[in-house]
Amino acid sequence: MFEIKERDAAGRICRFETPHGTIITPTVLPVINPGSMPISPDEMRKMGAQAVITNSYIIYKNFRKTALENGVHELINFSGPIMTDSGSFQIYMYGADISPLEIVEFQREIGSDIGTILDLFSLNATKHKAIDEVNETIERAKASIPLKGEMMLACTVQGGTYPDLRERCAREMGKLEADVHPIGGVVPLMEQQRYRELAEIIIASKKGLPPSRPVHLFGAGHPMVFPMAVALGCDMFDSAAYIKYASDNRMIFSDGTAKLDEMEELPCSCRVCSSHTVKELKEMDEKERVEKLAYHNLYQTFAEMRRIREAIRGGWLWELVEQRAASHPALIDAMEVLKREKKWLERWEPISKKRAFMYAGRYSMHRPAIYRLHNRLLKRFSFSYPRSVIIEEKGKPYSRYYRNLKGRKANFVVNSSLGLIPMELEEMYPVAQSVFPLKIDEEGKRLVRAFNRKFKEKIPGVVDASSVKNEKANFDLQKVMAVADMQFGKGAGKALFNGDIEIVKSKKTGKIRNVYCNGEHVVSMRATDGLFTLKAKGAEILHEFFKAPKLRVVVEDDAVPFIREGKNVFAKFVVDCDKELRPYDEALIVDGKDELIAVGQCRMNREEMLSFESGMAVKTREGIE
Ligand code: ZN
């Protein structure tokens with residue numbers, strides 16, 4: 001069982017159940033060599049390891065009898081989930097003395113929780129060779145599935161540095177009864193810091209894989225790449241780096257690596273760094289030093305993973321990705337790939353977040369939230385009056401700084417860091433919930449100018465503020481109409497607020513709270529993100545106004561009576577869904593005949609709702625009888 005609990009960017013926090021316990025992803029599995037364990041698995045657990053990974057081929061070669069008799073858990077003395085690697089790399093290097101299917105059976109027999117197929121990997125291979133190897137890997141996966149028994153099976157995505165081949169391999173692997181999908185053959189890319197290609201490979205693989213399968217980035221052990229990989233949808237990592245780097249007297253940090261020989265102070269407060277000096281570490285005998293450095297390296301690795309999970313919970317994963325990108329030029333190259341993939345990234349991006357959009361540098365303006373804002377302004381926004389005035393951004397909320405204009409019959413468009421934004425959207429995410437420096441980067445400015453050029457064509461009759469007469473206008477009504485169009489689609493505002501409108505504001509903050517139409521409660525506006533929650537009446541209006549499949553989540557008939565009572569919609573009961581719906585969008589829940597049965601808030605997009613077997617697809621707010 002694998003289900004989404006929290007999300008940000010295309011990243012997610014999931015619960016993943018294995019025979020030896022539940023893992024909260026994203027997480028790192030430290031690589032354990034059964035022949036040499038400088039840090040005991042028990043100690044690793046205290047540091048944050050939820051699961052570990054070990055090499056079944058090394059066990060097969062050196063500990064076969066014990067492992068078969070007592071199982072892998074006793075062999076390495078770890079009672080939590082154990083994943084095993086099939087030893088593709090060792091077999092690639094030294095040749096095989098075991099068949100691809102025998103190694104899968106061996107993993108099952110020693111009691112591995114998650115075994116791995118014996119894949120072929122091709123890096124720097126010609127496309128022709130890479131195709132052959134992908135085909136062979138897929139055949140091996142197909143043949144391995146019937147052998148897995150109770151063990152979960154990881155079916156690796158290969159395809160070298162060819163994104164089209166990766167995507168095809170992922171699609172084929174996704175059709176099988178696999179439980180985890182490693183992205184394989186990327187170690188050389190890591191070692192050579194080819195992060196641009198790494199990003200391309202992850203995205204291509206994710207495009208082909210069902211979103212309900214955990215994705216393991218095989219061999220990505222340096223924490224520097226974790227935030228980006230998680231933001232693109234990777235759930236699991238393994239780290240041999242902690243010990244490899246330690247043996248080489250190198251210390252891992254979240255933003256890079258340092259050589260012990262070149263250090264004078266330890267900028268870390270782990271148990272090792274807070275109780276030793278650099279000098280002491282240098283003077284230790286080698287075995288002890290490696291052990292100490294390995295501890296530090298693993299500590300930093302898990303600390304970064306905790307930070308990433310906090311970033312997902314808090315809605316600041318993009319900020320973390322951009323901060324980390326600044327720590328290596330090759331990661332900046334990878335950001336260029338993310339720029340090109342905005343359209344794909346936007347599908348997973350939540351509608352709003354707990355925290356404000358914080359500008360962090362030249363990639364911030366490329367975030368999916370801004371791409372979405374600009375697209376929706378161009379496609380969904382309509383102006384109320386034939387005349388418009390463009391005003392400068394003086395502060396937020398905009399209208400507070402233009403009290404004299406607020407009551408006049410004209411469109412006021414604010415020239416802001418986000419581009420030209422109609423004043424009535426002043427409280428909507430991310431307009432109010434964004435923080436910019438006085439000057440943004442040139443590339444961001446160009447992006448904003450390009451949007452402004454297109455949006456300007458839609459702004460009717462631009463005039464000077466002085467030529468607008470002081471006729472009284474209902475700015476609050478204009479505001480709720482505009483937000484409704486941006487959130488639900490063009491025309492939603494007119495449909496929802498057609499009649500005798502009463503707008504109730506908070507006595508404390510003066511912000512809009514509830515909107516009634518002909519005495520019925522239609523929507524509430526959330527103080528946190530300036531977006532609406534739909535009430536049953538509002539849902540009925542939109543259901544009538546928009547044709548299917550717009551805003552709909554269609555559920556199985558069996559689930560209908562429960563959802564009408566207010567029970568949440570679980571993914572396995574979803575039959576179909578509007579492909580425009582995004583995580584945290586408001587949804588109309590309907591039965592097979594498009595009858596409205598409830599209203600709620602999405603927790604997934606369409607691909608996820610159709611792919612996941614467990615987890616909440618829509619949080620139901622009100623059932624409709
Ligand atoms: Zn340390």
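Ligands are counted one by one from 1 in listed order, and the atoms in each one are counted from 1 as well.
- Relative to the six-membered ring of Phe78, Arg45 meets both conditions, a distance below 6.0 Å and an angle of at most 45° to the axis.
- The aromatic ring centroids of His296 and Phe253 lie less than 6.0 Å from each other.
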For the pair Asp85 and Phe218, evaluate side chain to side chain contact (heavy atoms under 4.5 Å, CB included) and give the outcome as yes or no after the intermediate values. CA-CA 10 Å; Asp85 181 8; Phe218 240 140; 3.9 Å; yes

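- Here CZ of Arg324 is found 5.0 Å from CG of Leu320. Values are rounded to the nearest 0.5 Å.
- Any protein N/O/S atom under 2.8 Å from the Zn ion (ligand 1) was counted, giving 4 altogether.
- Gln433 contributes a side-chain N or O that, together with a main-chain N or O of Thr528, makes up a donor-acceptor pair within less than 3.5 Å.
- Checked options Lys207, Arg340, Lys206; the residue passing with Glu200 is Arg340 (criterion: salt bridge (charged side-chain N to carboxylate O under 4.0 Å, His left out)).
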